Amino acid sequence: MFKKLAGNTLIFAIGNSTTLLISFFMVPIYTHILSTSAFGLSDLINTTVNMLLPVISLNIFTAVFRWALDEENNKKEIFSNGSVLTIIGIIISLIAGIIIYFIRIQYWWIIGYYLGILLLLNHFQNFARGIGFVRIYAMSGVVISTINVISNIILMIIYDFGLNGYLMSLIISNFCGVMFLFFSGKYWRFWDKNLVSKNGIKEMLVYSLPMIPNNFTWWMTNDVGRLIILAFVGPSGNGLFAIANKLPSLLSTGFTLFQNAWQISAVETSKHRDVSKIYSITFNLTLNLLLLGSGVIVSVLKIFMYYYVSSSFFEAWKFVPILLLTSVFSNVSAFLGTTYLVEKKTKGLFTTTIWGTVINLGLSFVMIPLLGVQGAGISGALGFLTVSILRLRQTTKWINIRIKWGTTLSMIIGYICLSSIVYLNDNLVFFKIIIIMSMIMIFSIYLNSVKKNSTIS
């Protein structure tokens, strides 16, 4: 099982490493061309689209992925049913985009068009993952990122379109990703209007609809801070917050490569006699690797930011350590959320996420006016920590995950020490090296114990 999980993760990593590197190294260009306010606005537009995506799509692409994983299901029926709802969502999005364009609300016209493209992209990508087209899925990310870079160079650097060029590049690159998936996967083979079924659509919606409030509250837990920052700090604060999130996003993207593979393997794992043991090992490896990765990032934070962004964005380094913790807790929550998807108990996702939202929202209104951008990071971290704890307790109905507290607490203490050094005296390089080496040694010891004691293939 672990060999297959590692193999799928490697495929996603090979395909998406290019995506990760390209998008990451485009940030210096963005920060030199766009002001902090313009970058903050672009981030807010992306956030809004991500909020609307599950609502307009009725989250059908999650059901498409889950249904496609079951070998006994008719793949043509799944694709056709999902396509009908996706097309309806695209029509709604395009009409909204046209209305916004004629109202002439600057920059926000992109939402309708961008949302329409993302609806189709998510449908195609999730179907590809579900039926085993993992290489095509992974390569679609490479296509999107490559085209995005080319578009940015042409529209932002050569023609100097600024923020408009950045937004237009999003539409162009994601549309190319849709075309790549359609032709590479030969998706026309899976469309059959005669297989469109009201009962089939209803069954999939019973699974996907409860996830809409979960996704919305998840968005509020993850991104609502941006809106409160905009209200109390302004667009420039939002721009600094967006840049500060780039390094945590790097960590999250690495986790997503694994998560895409894990969601496929988790269905098979649920039928395994050692399911709790498999989940426990995978959970502990994931959590501690995230903490180790966060430690490495924070240890080189200030010197990296000095060369990575323009001087007007350098201040963003102050918010990265707490945002890295937010990313760790968010990824842990997502890992545990896979259990609900496998068991098709999607209603439970909402009940846990809503508590995280309440805590994050309440704290944000108190802490952002007091601490500025830093308050958003602290609120988000506590919100996702709450979700992680609740999901860990709730999923014991199906899975008994045992945490290796000795290893985990040691990694957390190491991260806290590194963060403290960065804030108090970043010149203590020797101590940072000692702490990082200690964290690597602790992780290696746990990894070796897993190899010795695990008999699962």
Side-chain angles (χ1 to χ4, degrees), residues 4 7-9 11-12 15-16 19 50 53-91 93 114-144 173-209 211-212 215 256-257 259-268 334 337-338 341-342 344 346:
K4 184 175 181 180
N8 282 338
T9 303
I11 292 172
F12 287 120
N16 288 287
T19 306
N50 289 329
L53 184 61
V55 178
I56 303 299
S57 67
L58 301 182
N59 224 24
I60 192 64
F61 47 80
T62 58
V64 167
F65 168 66
R66 181 62 185 87
W67 260 245
L69 283 173
D70 293 333
E71 295 181 1
E72 65 272 15
N73 290 336
N74 187 320
K75 302 302 185 284
K76 288 186 176 181
E77 182 180 356
I78 296 167
F79 181 80
S80 300
N81 287 336
S83 295
V84 169
L85 292 179
T86 300
I87 291 170
I88 293 172
I90 291 171
I91 293 171
S93 300
Y114 186 28
L115 183 58
I117 295 296
L118 285 186
L119 287 168
L120 200 54
L121 179 66
N122 274 271
H123 175 46
F124 283 180
Q125 284 185 329
N126 279 278
F127 184 71
R129 281 201 301 150
I131 62 175
F133 287 2
V134 290
R135 289 180 175 83
I136 292 175
Y137 168 83
M139 283 304 299
S140 68
V142 177
V143 170
I144 292 169
S173 58
N174 282 282
F175 178 76
C176 289
V178 168
M179 291 296 99
F180 171 80
L181 285 163
F182 181 77
F183 288 106
S184 297
K186 300 178 181 178
Y187 278 8
W188 58 84
R189 298 175 302 161
F190 297 101
W191 168 255
D192 189 340
K193 64 179 182 180
N194 296 320
L195 290 177
V196 175
S197 163
K198 289 183 179 179
N199 289 332
I201 291 175
K202 182 179 179 181
E203 184 181 2
M204 293 170 76
L205 286 176
V206 168
Y207 174 85
S208 67
L209 285 177
M211 297 177 70
I212 294 177
N215 284 337
T256 301
L257 303 179
Q259 179 75 346
N260 286 332
W262 172 244
Q263 286 178 340
I264 296 172
S265 298
V267 175
E268 300 174 7
T338 301
L341 303 182
V342 171
K344 295 184 178 179
T346 51

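Predicted, not measured: the structure shown is a model, and the values here were computed from it. Keep in mind that the numbers below use all heavy atoms, side chains included, and drop hydrogens, waters and symmetry copies.
- Not counting sequence neighbours, Asn122 has no partner by the side-chain hydrogen bond (donor to acceptor under 3.5 Å, both in side chains) test.
- Considering only residues two or more places apart in sequence or on other chains, Tyr187 meets the ring pair (Phe, Tyr, Trp, His ring centres under 6.0 Å) condition with Phe79, Phe124, Phe127.
- Ser208 places a side-chain N or O within donor-acceptor distance of the main-chain N or O of Leu58, the cut-off being under 3.5 Å.
- Contact record, Ile56 with Ser93: CG2-OG, 3.7 Å, taken as the closest heavy-atom pair.
- Leu195 approaches Glu77 most closely through the heavy-atom pair O-CG, 3.5 Å.
- No more than 12 heavy atoms of other residues, nucleotides or ligands shown are found within 6.0 angstrom of CZ on Phe175.
- Pairing each heavy atom of Ala128 with each of Tyr137, the nearest pair is CB-CB, 4.2 Å.
- Atom CD1 of Ile60 is separated from atom CD1 of Ile212 by 9.0 Å, given to the nearest 0.5 angstrom.
- To the nearest 0.5 angstrom, Asn194 atom CG is 10.5 Å from Lys76 atom NZ.
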For this session: Any chance you could lay out the side chain to side chain contact (heavy atoms under 4.5 Å, CB included) test for Phe182 and Leu120, step after step, and finish with the verdict?
Result: CA-CA 10 Å; Phe182 181 77; Leu120 200 54; over 6 Å; no
Exercise. Checking side chain to side chain contact (heavy atoms under 4.5 Å, CB included) for the pair Asn126/Arg129: CA distance, chi angles, key distance, verdict?
Worked result: CA-CA 5 Å; Asn126 279 278; Arg129 281 201 301 150; 3.0 Å; yes
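- The main-chain N or O of Gly177 is never found under 3.5 Å from a side-chain atom of Ser140 such that the two would form a donor-acceptor pair.
- Taking CG of Leu118 as the reference point, atom CZ of Phe61 lies at 9.0 Å (rounded to 0.5 Å).
- Rounded to the nearest 0.5 angstrom, Leu209 CG and Lys202 NZ are separated by 11.5 Å.
- Atom CE in Met204 sits 8.0 Å away from atom CG in Leu85 (nearest 0.5 Å).
- With contacts defined as side-chain heavy-atom distances shorter than 4.5 Å, the pair Trp67/Glu203 qualifies.
- Counting only distance, with no hydrogens or angles, the side chain of Asp70 and the backbone of Asn73 share no donor-acceptor pair below 3.5 Å.
- Contacts of Phe180 classified as ring pair (Phe, Tyr, Trp, His ring centres under 6.0 Å), with partners at least two apart in sequence or in another chain: none.
- In this structure a side-chain-to-backbone donor-acceptor pair under 3.5 Å is present from Thr62 to Asn59.
- When atom types are taken as modelled, the side chain of Asn81 and the backbone of Ser197 share a donor-acceptor pair closer than 3.5 angstrom.
- Of the possible donor and acceptor atoms, none in the side chain of Arg66 sits under 3.5 Å from a partner among the backbone N and O of Ala63.
- If you take CG on Leu119 and CG on Asn174, they are separated by 11.5 Å, rounding to the nearest 0.5 Å.
- In this structure, Leu53 and Tyr114 have side chains that are not in contact, with every pair of non-hydrogen atoms separated by 4.5 Å or more.
- Counting all heavy atoms, side chain and backbone alike, Trp191 lies closest to Ser83 at CZ3-CB, 3.9 Å.
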